[in-house]
Amino acid sequence: MTPEELESCPFCEGREDKTPPEVLSLPSGGRSPDTPGWLVRVVPNKYPAFEHHEVVIHSPEHKRSLAELDRSQLELIAEAWQLRAGAARDAGYPHVFAWVNEGRTAGASLGHSHSQLVWLTEEPPLAAAERAAGGCSVCDYIRSERESGERVVDERNGLILLCPYAGRAPYECLVAPLDHEADPFTSDRLGVGLEHAAQALRRIHALEGPRPANLWLHESGHWHLEFLPRLTVFASVELGAGIYVNTLAPEAAARALRD
Ligand SMILES: [Zn+2]
Ligand SMILES: [Zn+2]
Ligand SMILES: [Zn+2]
C-alpha cells in the first residue's frame with residue numbers, strides 16, 4: 001500500500017465528506033450521519049453504473065481485503081447487504097446483485113475493502129440461467145460433491161465451501177448452505193458465508209501471496225457465493241469460446257486449501 005493510497009482514500013473513517021451522504025451505517029443509532037464512529041457504512045456510488053448503485057464500506061480502518069476482516073465485521077457487512085436488500089424490495093426492486101472486487105486487475109478502483117450493490121427489477125442473466133434447469137441444481141451438485149469429497153474444502157455452521165468441478169480459474173470457490181435455502185437476505189448464515197470466503201482468501205494469500213479477487217452473491221434459487229481469485233487472466237479462448245483453461249485442478253486446489 002502506498003502512502004498516496006492511504007492519504008487519498010475517501011473510505012477511511014474521518015473522510016465521510018468525501019463520499020455522497022450515507023444511506024445506512026452500522027451499528028445503527030448514537031451518532032450523526034456522515035461522522036466518525038461507524039463500523040460499516042453504505043453510500044451511493046459516486047460514479048453509478050446503474051440507477052441504484054451503492055457502495056458498502058467494509059471497515060473504518062484502511063483494510064484492503066475481506067481476508068483482513070474478522071467474523072463480527074463480516075457479520076455486519078452481511079447485515080448491511082440484508083438491510084439494503086430490504087430497502088430495495090420495499091422500493092419495488094426484487095433483486096439485488098452484491099459483489100466484491102479486490103485489486104485493480106479485478107476491477108477495484110479503490111484499495112479500501114468494499115462491496116457494491118445494485119438494485120434490479122430482473123434477475124441477472126447468469127443467475128437466471130443457473131436456475132433454469134429446474135429442480136435445484138445446487139442441491140444436486142452439493143450432494144454429488146459430498147459423495148466424492150475430493151473438492152470439498154470445509155463444512156461448518158451449515159455451509160459448505162468447495163472448489164467447483166468446472167472451476168474457471170485456480171482456487172475458484174463456491175460457498176452455499178448445505179440445506180436448501182432460497183433467500184440470503186433473510187438468512188442468518190450470510191455472514192458465515194462471507195467468513196468462509198474470507199478464510200479461503202487467507203489460505204490463498206498464504207499460499208500465493210495477496211491476489212486480486214472477485215466475489216459475488218447469487219441470491220435466488222439456492223443462494224451461494226462464487227469466488228474467483230485472479231491468478232490468471234481471461235483471454236480470447238475464455239472470453240470468445242467460453243472454454244476456461246484452468247491450470248490448477250479443482251481437486252488440487254481443494255487439497256491445498258484444506259491442508
Ligand atoms: Zn481507506
Ligand atoms: Zn437447493
Ligand atoms: Zn451461481
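What you see below is based on every heavy atom in this structure, not just the backbone, and it leaves out hydrogens, waters and symmetry mates. Whatever order the structure lists them in is the order used to number ligands and atoms, beginning at 1.
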Between His224 atom NE2 and His218 atom ND1, the angle centred on the Zn ion (ligand 3) rounds (to 10°) to 110°
N/O/S atom name from Glu226 that is nearest to the position of the Zn ion (ligand 3) | OE2
What about Trp223 and His95, are their ring centers closer than 6.0 Å?
-> no
Looking at His222, the N/O/S atom that lies nearest to the Zn ion (ligand 2) is called ND1
Any chance CZ of Phe234 has more than 12 other-residue heavy atoms, nucleotides or ligands included, within less than 6.0 Å?
-> yes
Side-chain donor-acceptor contact under 3.5 Å, Glu172 with Tyr244 = no
Could you tell me whether Arg31 and Glu13 make a salt bridge, using a distance below 4.0 angstrom between a side-chain N and a carboxylate O?
-> no
Where the Zn ion (ligand 1) is the vertex, angle from His112 ND1 to Cys12 SG to 10° = 110°
Minimum-distance atom from the Zn ion (ligand 1) among N, O or S atoms of His62 = ND1
Which atom of Thr35 lies closest to which atom of Trp38, heavy atoms considered | O-CD1, 3.3 Å
Restricting His180 to its N/O/S atoms, the closest one to the Zn ion (ligand 2) is ND1
Electrostatic pair Asp259:Arg203 at N-O distance under 4.0 angstrom | no
Round to 10° and report the angle made at the Zn ion (ligand 2) by SG of Cys139 and SG of Cys136.
-> 120°
